[in-house]
Amino acid sequence: MTLTAQQIWPEEFAQRYRAAGHWRGETFGSYLRERAAAHPERVAIVAGDTRWTYAELDARADALARGLLDAGIKPGERVIVHLPNIPEFLSVVFGLFRAGILPLYALPAHRITEIEHFANSGEAVGYVAAERHDGFDYRALARELKTRVASVKNVFIVGNADEFTSFDALEAQGRASNTEPVPPVPSTVAFLQISGGSTGLSKLIPRTHDDYIYTLRESARICGLDGDSVFMGALPIAHNYPMSSPGVLGALYAGSRVVLSPSPSPEAAFPLIERERVTDVSLVPPLLLVWMQAAPGTKADLSSLKVVQVGGAKLMPEVARRVRPTLGVTLQQVFGMAEGLVNYTRLDDPEELIIQTQGRPISEDDEVLVVDDQGNAVPEGEAGYLLTRGPYTIRGYHNNPSANARSFTEDGFYRTGDIVKRTPEGYVVVQGRATDHINRAGEKISAEEIEDHLLAHPQVFDAAVVSIPDEYLGERSCAFIIAQGERPKGAVLKQWIRSRGLAEFKVPDQVVFVDSFSATAALKVSRKELRAALRAQLTAQDDA
Ligand code: J2J
């Protein structure tokens, strides 16, 4: 028996969110059906030469829902979706939603160690991947996964499936089937998203149809999406931000067209913007810089672009200020988290608010507290820890009582780990964070997770992984190492991390050997203080 994934708000809150019209009893399956009925011939998804109308996406989702159920997967069970930006990403997740089976999203960069962890913690019964992407063969990963995690029985591969079930066969089977999926209940969990993993391994985030669709509806409205909009999925759409803020799912909710770019690089994205007359795109700050560098010299016509969203990591005001002059678009800052709360600057906000702040919450029912170490509210304008609860912020992670005890207050507020200030207008300015993760170009890396892998190397006596400010990435990762015996080469330790089956973005950017941590009184202070001291030491050296 697999453990049911749940997300439960206290009844008084649930009633309030329903009464306010936030939770409307919609499901992913039902909104796609409604859009397909309203405008069947409108193009929903474009990728390469593929163009699917809303009717086609809807029919494919139906077929996949039947096929997945016929394969023996039961409603409530979990299937890992490990796909790049291809149309099948959307047909399969809508198929899963419709069958009441829960997608568990993994990023294309994740490797066996992360996938094994997701499969175990989510008790996944299936795995969907593309044959290859970016030179990596996901069938090899699938083989390894099946030997490591017994619950994973079904593997579906887009492309050449080898010994596994091909995606086409799954869909064809579903088209011929009479199985009738039972529509899921809107208040139940629709999927599992993954946390940035600020301490240790990623946690699983159960989100319901009701709560997530509320964010899609409001995000699409706040971002100005409608039937004429063309939204580009440039970042990996498995990530919560390009998925939902407003992301590809918000765009489909609004009846917009979604254009999938295989990579966020200007080389891949710019010609597609011209060809499809893309109006909206979401980026992380380092990509924005690359786009702003490439835009003036490009032959591609980017004049269709109206809004460029930037989020996932802090955008510096100096950079923000150059967006409109360079790209001729409205900048929208987005500060969100897979656990819930999302803040946006509004499209018609005064320019200075757009440049200087990370926006304000989606909902009037988002409760935001900025508190000190004792949990007392700080005076307005002062920095403090951001706590939040509301109609789309989770009350708990999946099956993880110890993380829940740490991450939520007794009143159900989520401790975001971010340090923020609030402006008199109620806008948030991100100052930093309380937890030790590295935000590398929007990808979150847990220091602890990488330290554990480094410590497993025979020539490592101790390791501390810290974030270092980086002009291009925002932050890069630096591993401070005390060697055991002979010092290994930095490159050897980087290769070691790769060989442990981890995503490439977790490989330390820099390795620094030190004789001891004693200068920073390592024995007396916490890991957190140690990391801070090492960071200060290196930054001081760099400045000198
Ligand atoms: C500073 N830090 C930011 C910003 C996120 C929309 C947008 C982003 C995410 C996301 C998301 C930031 N300035 N503008 O899920 O729906 C950091 C904070 C935050 C953490 C969450 C969405 N935008 N951050 O990035 O779950 O530290 O979600 O707590 O990956 O990213 O990371 P994640």
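As the structure lists them, so they are numbered: ligands from 1, and atoms in each ligand from 1. Along the sequence shown, residues carry numbers from 1.
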Where ligand 1 meets His239 - atom numbers and elements under 4.0 angstrom, heavy-atom basis: 10 (C), 25 (O), 28 (O), 30 (O)
Distance-minimising heavy-atom pair for Gly25 and Asp210: N-OD1, 3.0 Å
Ring-face cation contact, Tyr253 with Arg35, 6.0 Å cut, 45° max: yes
Heavy-atom nearest neighbour in the protein, as seen from atom 15 (O) of ligand 1, with distance rounded to 0.1 Å: Asn240 ND2, 3.0 Å
Protein contact to atom 17 (C) of ligand 1 [nearest heavy atom, distance to 0.1 Å]: Gly312 O, 3.7 Å
Contact (N/O only, under 3.5 Å) between Gly311 and ligand 1: no
Short side-chain donor-acceptor distance under 3.5 Å, Tyr54 and Glu34: no
Donor-acceptor under 3.5 Å (Asp411 side chain, Phe413 main chain): no
Exam field: side chain His82 to backbone Leu107, donor-acceptor pair closer than 3.5 Å: yes
Identity and distance of the protein heavy atom lying nearest atom 14 (N) of ligand 1: Val334 O, 2.7 Å
Lys314 neighbourhood, listing ligand 1 atoms whose heavy-atom distance to it stays under 4.0 Å: 1 (C), 2 (N), 13 (N)
Flag, side chain of Glu339 to backbone of Thr393, donor-acceptor distance under 3.5 Å: no
Asn85 and its side chain to side chain contact (heavy atoms under 4.5 Å, CB included) partner, picked from Val258, Ile237, Val248: Ile237
Near-ring test Tyr392/His22, centroid separation under 6.0 angstrom: no
Minimum-distance protein heavy atom relative to atom 4 (C) of ligand 1: Ala313 O, 3.5 Å
Heteroatom distance test (Lys444, ligand 1): nitrogen or oxygen, under 3.5 angstrom: yes
Close N or O approach (Ser245, ligand 1; < 3.5 Å): yes
Polar contact flag for Ala338 and ligand 1 (N/O pairs, less than 3.5 Å): yes
Ligand-side contact atoms (ligand 1) for residue partner Gln358, heavy atom cut-off under 4.0 Å: 13 (N), 14 (N)
Pair Tyr214 and Tyr17, ring centroids less than 6.0 Å apart: no
Candidate with minimal heavy-atom separation from atom 3 (C) of ligand 1, of Tyr344, Tyr241, Phe335: Phe335
Enumerated ligand 1 atoms positioned under 4.0 Å from heavy atoms of Val342: 16 (O)
Atom 21 (C) of ligand 1: the protein heavy-atom neighbour that sits closest, reported with distance to 0.1 Å: Gly336 O, 3.3 Å
Ligand 1 N/O within reach of Asp418 N/O, cut-off under 3.5 Å: yes
4.5 Å side-chain heavy-atom contact, Ser467 and Arg535: yes
